[in-house]
Colleague: 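Pasting in a structure now, in structure tokens, and then I'll have a few things to ask.
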Amino acid sequence: MSEGTLGIGIDVGSTTTKGVLIDTSGKILASHLQNTGASALKAVEQLLEQLSTESGVDPSDCPIIGTGYGRSIVELAYKTVTEITCHSIGVHSINSEIRLLIDVGGQDSKVIRIGRNGRPETFSLQDKCSAGTGRFLEVMARVLEVSMDELGPLAMESKSPCSISNTCTVFAESEVVGRIGSGDRPADIAAGVHLSMAAKIASLSRQVGVAAPVGITGGVALNPAFRHYLSKQLGQELWVPENPQLTGALGAALIALRGQNE
Amino acid sequence: MSEEKPYRRLESQDLLQQIAFRHGLEAMAASEEGRLAWVTSGFPVEIPVAMDVFPTYPEQAGAIVGASKIGPEVCGFAEDLGYSQELCSYARASIGSTDRPDDTAMGARPTPQALLACNNICGTVLKWYDAISEMTNAPVFLLDTPPLEREQLPHHRAYVRRGVDRLVEFLADTFNTKLENEKATKVADLSSQAIRLWTKVLKACANKPSPLNCADRFLTMAPVVSSRGMEHCVEFYEALLAEVEERVKGGVGAIRDEQTRLLWDNIPPWFTLRFFNQLAARGVGFPADTYTHAWSGAVEGSDIASILDGVVDVYSNVYLNKGLEAKVDKMCELIKDYDLDGFVMFSVRSCKRYSLGQLVSKEMVTERTGVPGVVIEGDMVDSRLFNEAQVQTRVDALLEMFV
Ligand code: SF4
């Protein structure tokens, strides 16, 4: 049993499932991200297999921590920890300066104030509706007939973003359709969409209290237009880790390794 | 290995059940005799009781509907009549059960002859009682107690006092009865005794471990809400206090292994009191809450005039009739006096009056006390508005902060 020398963190999100395997120094030996799909259980199985192939380590030999909204289904996990704590610890291990973390995932978003010890001090979650999450951008990308990867760069071409006043995904969708109908440029509409979403996340952040430096993680952190508008709204530079989707799983792996939450 | 539950059952619960049963029978009899009044939870019940008018509480009926897990169904009866899902679920449960009493089992109240509402808890009660009045033909009396930002000023006091005088006249006319000195002083005395005993019970929870958990208080608060001024109410709290003091003496806690002490804010989700018991299994207890502490003002007085002044004072100053600052003060005071590690604020979709401003007060309380808190969302009766997984994540994250 190699307990204490390796650790695995598995973050079962509503859109993607992420896994990280680290060694005793915290170095990532293997990591993987895949769609959660209809069966989270299956996604976790496949993920563990992938980690095992990549590292040559048998996962059943490692302490595992499950996190994310589907954390309770990680059968091999000896414990579950919320994504709030895991993201804090994961981000803190990469950049201990970060005081406010904004994580925008596929179906939810969260803002966490991180204490100097790397643990969350306070937080706010938006998991009731798809407004202010990756899902909002997905819907708008579909209406604008571009892929998710193209949506951000398209918005960056705009010099005068449209105003999209609805934050609700359903209403905003019809507003966007209306904009298309009145002949607005797709780039301006795309920019308006990001602006509206950034405003929503900025207000969630203000609920917690904006404290610099600010970091951003989650799938939406990869979108340059979202980062641009959010940074403007908050009046803050945004730090993005190299793998912004893996920080929750990384935090979980670190907890597994250190037995931090015992 | 024994399968011990993580929490302990109160002996006094048996007595509580008897009282509730008796109260129900008495309400039915009073309705048949033409002397039943429905009253809101913040109503000066001492006055109808002293005038031989029997009180019953639709809010308590709402709690029963919630606890019996038929909230969505009974609220749905009201929604079928056209009431919005945004309306307070106590009001919906009450309107729904009045419309379809046969489908509501324990939750329906016997037909009232008067509806006594005091808006010291919210403005919803007036419209709600108006609706019940249309359905039952019982007249509504509204005691108006304008919200207090700070201290009660003389003109405020005089205004509410005129309302209380009118209440006495209204009851005298409607029920052909009188407010007499002897009965009034007796009822006021019984009411204060009950309040004092209840306050002692609450204060005993400052002990470690706390002799009562949240769910215990939510259940045992029933008589102090519904039967103030009646003898059996005093008897019940004497018994409860004795049991609580016994627990304190023996170092016996409401939960077996109290490790984390939290404050609860707002009405509980009646359909899942299990929530507290599950946390008990993890060593988390709630020695204090803002809800059961709301029944704390004793009406003192040696004659009718001084009693009515006492009523004005106590019922204008209830928790929900005051500003945000007073709520924050109360929470900070409880956290300090009960030595609590953090707090959970339940944002109740139904009760805007209780829940509005919680995000702001959460920050203020943390700033002043240094302890973390969390806001969870849901409802007290309408379980459709309660997402267990979302609530769990928030509460778990709070608990992880204590590691
Ligand atoms: S709105 Fe709130 S205070 Fe008013 S009746 Fe409903 S629960 Fe009670």
Side-chain angles (χ1 to χ4, degrees), chain A residues 11-14 40 65-73 79-89 101 103 105 107-129 203-211 248 251-252 254-255 258-262, chain B residues 85-86 259-260 262-263 278-279 281-284 331 335 341-349 355-379 382-403:
Chain A
D11 176 1
V12 186
S14 49
I65 292 273
T67 186
Y69 107 109
R71 60 189 178 280
S72 58
I73 68 143
K79 199 172 168 177
T80 63
V81 177
T82 63
E83 51 272 40
I84 294 147
T85 300
C86 287
H87 275 285
S88 274
I89 290 178
L101 173 68
D103 179 84
Q107 302 273 4
D108 67 2
S109 32
K110 43 191 156 300
V111 179
I112 307 163
R113 204 158 66 216
I114 307 180
R116 296 199 178 278
N117 59 0
R119 304 196 69 94
E121 281 181 344
T122 174
F123 63 89
S124 198
L125 276 176
Q126 199 300 99
D127 50 6
K128 292 245 178 258
C129 74
S203 107
L204 193 69
S205 308
R206 282 186 211 104
Q207 258 178 38
V208 173
V210 178
L254 286 165
I255 295 171
R258 301 174 195 158
Q260 279 219 21
N261 261 52
E262 289 307 319
Chain B
Q85 254 203 47
E86 289 298 322
Q259 299 194 1
T260 307
L262 301 180
L263 172 75
Q278 281 169 343
L279 284 172
R282 296 162 66 187
V284 181
M331 287 185 69
I335 289 171
D341 306 305
F343 56 98
V344 176
M345 301 182 91
F346 188 36
S347 172
V348 174
R349 181 68 171 263
S355 311
L356 208 69
Q358 275 177 321
L359 286 177
V360 180
S361 35
K362 171 178 169 274
E363 291 306 307
M364 292 166 77
V365 171
T366 294
E367 222 173 275
R368 276 167 52 181
T369 60
V371 305
V374 73
V375 177
I376 57 174
E377 289 167 47
D379 193 74
D382 194 342
S383 51
R384 291 170 293 185
L385 299 165
F386 188 88
N387 181 321
E388 207 168 337
Q390 289 174 349
V391 167
Q392 197 68 46
T393 298
R394 286 160 170 81
V395 174
D396 284 354
L398 175 72
L399 297 179
E400 285 162 12
M401 287 183 201
F402 300 128
V403 175

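Predicted, not measured: the structure shown is a model, and the values here were computed from it. Residue numbering restarts at 1 for every chain, and letters A, B, ... go by the order of the sequence lines.
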Colleague: Calculate, to the nearest 0.5 Å, the distance between atoms OG and CD belonging to A/S88 and B/E400 respectively.
Modeller: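 The CD atom of B/E400 is 9.5 Å from OG of A/S88, to the nearest 0.5 Å.
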Colleague: Under the ring-ring contact (aromatic ring centres under 6.0 Å, His included) test, which residues partner B/F346, sequence neighbours left out?
Modeller: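 B/F346 satisfies ring-ring contact (aromatic ring centres under 6.0 Å, His included) with B/W264 only.
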Colleague: To the nearest 0.5 Å, what is the distance between CE on B/M401 and CD1 on A/I84?
Modeller: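 If I round to the nearest 0.5 Å, the distance is 7.5 Å.
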Colleague: Locate the shortest heavy-atom distance separating A/T82 from B/A397; write the atom from each residue and the value.
Modeller: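 Looking at all heavy atoms of both residues, the closest pair is CG2-N, 3.6 Å.
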Colleague: Go through the atoms of B/V360 and report whether side chain, backbone, both or neither lie under 4.5 Å from a heavy atom of chain A.
Modeller: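 Nothing of B/V360, per the 4.5 Å heavy-atom cut-off to chain A.
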Colleague: Relative to chain B, which segment of A/E121 carries a heavy atom at a distance below 4.5 Å: side chain, backbone, both, or neither?
Modeller: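 For A/E121, the contact with chain B is made by the backbone alone.
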Colleague: Could you tell me which residues satisfy salt bridge (Lys or Arg N to Asp or Glu O under 4.0 Å) with A/R206, sequence neighbours excluded, listed by chain and number?
Modeller: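 Salt bridge (Lys or Arg N to Asp or Glu O under 4.0 Å) list for A/R206, sorted by chain: empty.
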Colleague: Does any backbone or side-chain atom of A/Y69 lie under 4.5 Å from a heavy atom of chain B? Answer side chain, backbone, both or neither.
Modeller: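 It is neither, since no heavy atom gets under 4.5 Å.
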Colleague: Could you tell me which of B/L359, B/D396, B/V375 has the largest number of non-hydrogen atom pairs under 4.5 Å with chain A?
Modeller: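 Of the options given, most contacts go to B/D396.
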Colleague: At a heavy-atom separation under 4.5 Å, does A/L125 approach chain B through its side chain, its backbone, both, or neither?
Modeller: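 For A/L125, backbone and side chain are both near chain B.
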Colleague: To the closest 0.5 Å, what do you measure between CZ (A/F123) and OG1 (B/T393)?
Modeller: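 Interatomic distance, A/F123 CZ to B/T393 OG1, rounded to 0.5 Å: 8.5 Å.
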Colleague: For B/E363, what residues pass the side-chain contact (heavy atoms from CB on, under 4.5 Å) criterion, not counting sequence neighbours?
Modeller: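 Once residues adjacent in sequence are excluded, the partners of B/E363 under the side-chain contact (heavy atoms from CB on, under 4.5 Å) criterion are A/T122.
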Colleague: Using a heavy-atom cutoff of under 4.5 Å, enumerate the residues of residues 382-392 of chain B that contact chain A, numbered in order, or state 'none'.
Modeller: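 Hits under 4.5 Å: B/Q390, B/Q392.
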